[in-house]
Asker: 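Would you mind keeping the following structure in view while I ask a few things?
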Amino acid sequence: MRHSRRVTKDLEPGAAARGTEGWLVGALGLLRAAQLLPWLAAAAEGRWDTYRSPVLVAALYVAYACWAVLLFQNGRRHQGFPAWWVTADVAVNVCCVIAVGSQCLPGYATTWQNWTVGPVIGAAILSMVFCGWRAGIVACVTLSAAYVIGVRGDLTGPAPATGTAIGNVVSLLAFSCAAGFFAERLRSTARRTDLAAAEALRARDAEAAAEARRARLEERVRQYGLLHDNVLTTLTLLGAGAGGISPELRERCTMDATFLKALVSAISDASPDGLNAALGRVTYDQGLLGLQIHHSHDGVAQDLPGAVVEAIAQAVKEALNNVVKHSMTREAWVTAEGHGSGVVVSVADHGCGFDVTTAGPGLGITRSLRQRMAAVGGEVDIDSRPGQGTYVEIRWAT
Amino acid sequence: MGDMITVGAIDDDRMLLEMLKSWMSAVPDIELVHTAATVEEYARLGVCDQIVLLDLNLKDDSPPAENVVRLTGLGCKVLVVSIIADQRYVIATLEAGAEGYLTKSHGPDALVTSIRQIVAGELTPSPELAFAVTRDNRPARPQLSPQESRLLSYYARGMTLDSAARRIGVSPRTAEDYLNRVKKKYEEAGRPARTKLELAQCFREDGLEDEPPL
């Protein structure tokens, strides 16, 4: 029991995918922190003279840190980032990278004094990982452009830092693409794991259901065995004339015995809900109309579609009704034979029969049965001659 | 049919035996002489009725085919009856040499008719027996011709023999021949097994059970 509960938890649907998203949020949060913190060391050196307005740069840093905390807290709660949060992050970074770059005195925008370089790469990676390739590339280009605008002062003058700027832009693009690729691999692995887990779960449930069905069936077989030995024998004998009971009661016993017999043999075929049991019920109902029915069956597939079972049972019922109304006999034979995955069911009597080629009661039933079986892809063949009984053959194959 | 037909009945159900007795007492040419709960008990009576009605599955769990062999060994003709036609056993009794098979739901008339037909040597197999044969799918089953199979399956589905004959395009006479041929094929298929059972029984009856079987 304990074992199975543990397995259930492991097999929770989508567990691996959710775990991967959470892990990605955490990893990108750590990355952003690692990109933001080094500036504190630079600030500790106290080189505030490299900025036009040191207060503005420090204030932006604090504001940015607050935004980052907010962003990743929300990300953790939702195990991911909705598109508009990513858009906002890109906007915040665009503003900061332009503002801080512009606040750096010439020659310092491409150095560690500009704290926005690392975070901008972080924002590019975030959009690539959580917004897909297209939106990710748009974000990368936007952020690169903003970076270039921010450091434009260092690209001119006596010693332009063009190389450093290009290096940073290439890093931004390369890291983002690599991260996007890496995240996609992680996710596809998680998806496969989840699929395998779901499959295992289904298999286990199916096995448990099959086991329960087997147990139920065994119990029923046992009960029906008892019914056969006691009730069925008694009913059959009473119906056949034992005990000197009234003819009405005898008839009733015979019908109940027929029904029970159909059930008992349907059960030993291991299909309590299949065609055999359905035919058992039909022969019972028709037995109430005073018909003695000999019902045999063998090898009928257990998994016939419900609609087919229903159509066949209704067709047999109609054919038996016809025996009652027109055949002038009180005896009929119903058989069901499995042929591969298909089935042949017949209803026969030794009554007065009819001419199948002329209009009359025969024509109506022929048409009605054919329509009924055609609806589920089956066929009906009726063979009758005046004075030679009637034979109805119902065929259905997959 | 001037002579009285003597009949025995073997069934573990006392009620059925009583009922048979009352039925038969009303039939002028048939007399139910002996009844027993098992074949063993019947054999101990040391008698031989013309026809024995044998319940397919007796309470002592004796194999139905062995029961038939034992009774035919005594010189009786055997008509097997049961409530549910368990196809394997029905076929086994046919191969063991039983004359026919009926379900118990048939009333006394069908039983009396069958008994008279057996004595006259012209018993028509019941549709239930035909059904068991058409559904025989053992690898070593007797091979029926396509026409025999078709006739048998329509007959097994409850058509009269005449209608079944018409349906497959042969005369009623030919259809009857087909049925007899099928029955014969099964009797012949069962002969080797029957001989073995008979020998085993000879040993048993002679008190030679410890001898190795041939």
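In the text below, chain A, chain B and the rest are named by the order of the sequence lines, each starting its count at 1. Both backbone and side-chain heavy atoms feed into the values below; hydrogens, waters and symmetry mates do not.
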Asker: Please state whether the side chain, the backbone, both or neither of A/Val334 comes within less than 4.5 Å of a heavy atom of chain B.
Answerer: neither

Asker: Can you tell me which residue among B/Leu54, B/Leu56, B/Asp61 is in a side chain to side chain contact (heavy atoms under 4.5 Å, CB included) with B/Leu58?
Answerer: B/Leu54

Asker: Against chain B, work out which of A/Glu393, A/Gln388, A/Glu337, A/Glu331 has the most heavy-atom pairs shorter than 4.5 Å and name it.
Answerer: A/Glu337

Asker: Which atoms of A/Leu238 come close to chain B, meaning under 4.5 Å heavy atom to heavy atom: side chain ones, backbone ones, both, or neither?
Answerer: both

Asker: What part of B/Ala156 gets within 4.5 angstrom of chain A, counting heavy atoms only: side chain, backbone, both, or neither?
Answerer: backbone

Asker: Using non-hydrogen atoms and a 4.5 Å limit, figure out which bit of B/Asp162 sits close to chain A: side chain, backbone, both or neither.
Answerer: neither

Asker: Can you tell me if NZ on A/Lys317 sees more than 12 non-hydrogen neighbours from other groups inside 6.0 Å?
Answerer: no

Asker: Quick check on the interface: out of A/Gly338, A/Ala257, A/Gly239, who has the most heavy-atom pairs with chain B under 4.5 Å?
Answerer: A/Gly338

Asker: Does either side chain, that of B/Ser62 or that of B/Asn67, offer a donor lying less than 3.5 Å from an acceptor on the other one?
Answerer: yes

Asker: Would you mind reporting whether B/His34 and B/Asp49 have side-chain heavy atoms less than 4.5 Å apart?
Answerer: yes

Asker: Identify, with sequence neighbours excluded, every residue that meets side-chain contact (heavy atoms from CB on, under 4.5 Å) alongside A/Glu379.
Answerer: A/Arg395

Asker: Go through the atoms of A/Thr254 and report whether side chain, backbone, both or neither lie under 4.5 Å from a heavy atom of chain B.
Answerer: neither

Asker: Could you tell me if B/Ser163 and B/Thr160 have a donor-acceptor pair between their side chains, going purely by distance under 3.5 Å?
Answerer: yes

Asker: Do you know which of B/Arg135, B/Glu128, B/Met19 has the most heavy-atom pairs with chain A at a distance under 4.5 angstrom?
Answerer: B/Arg135

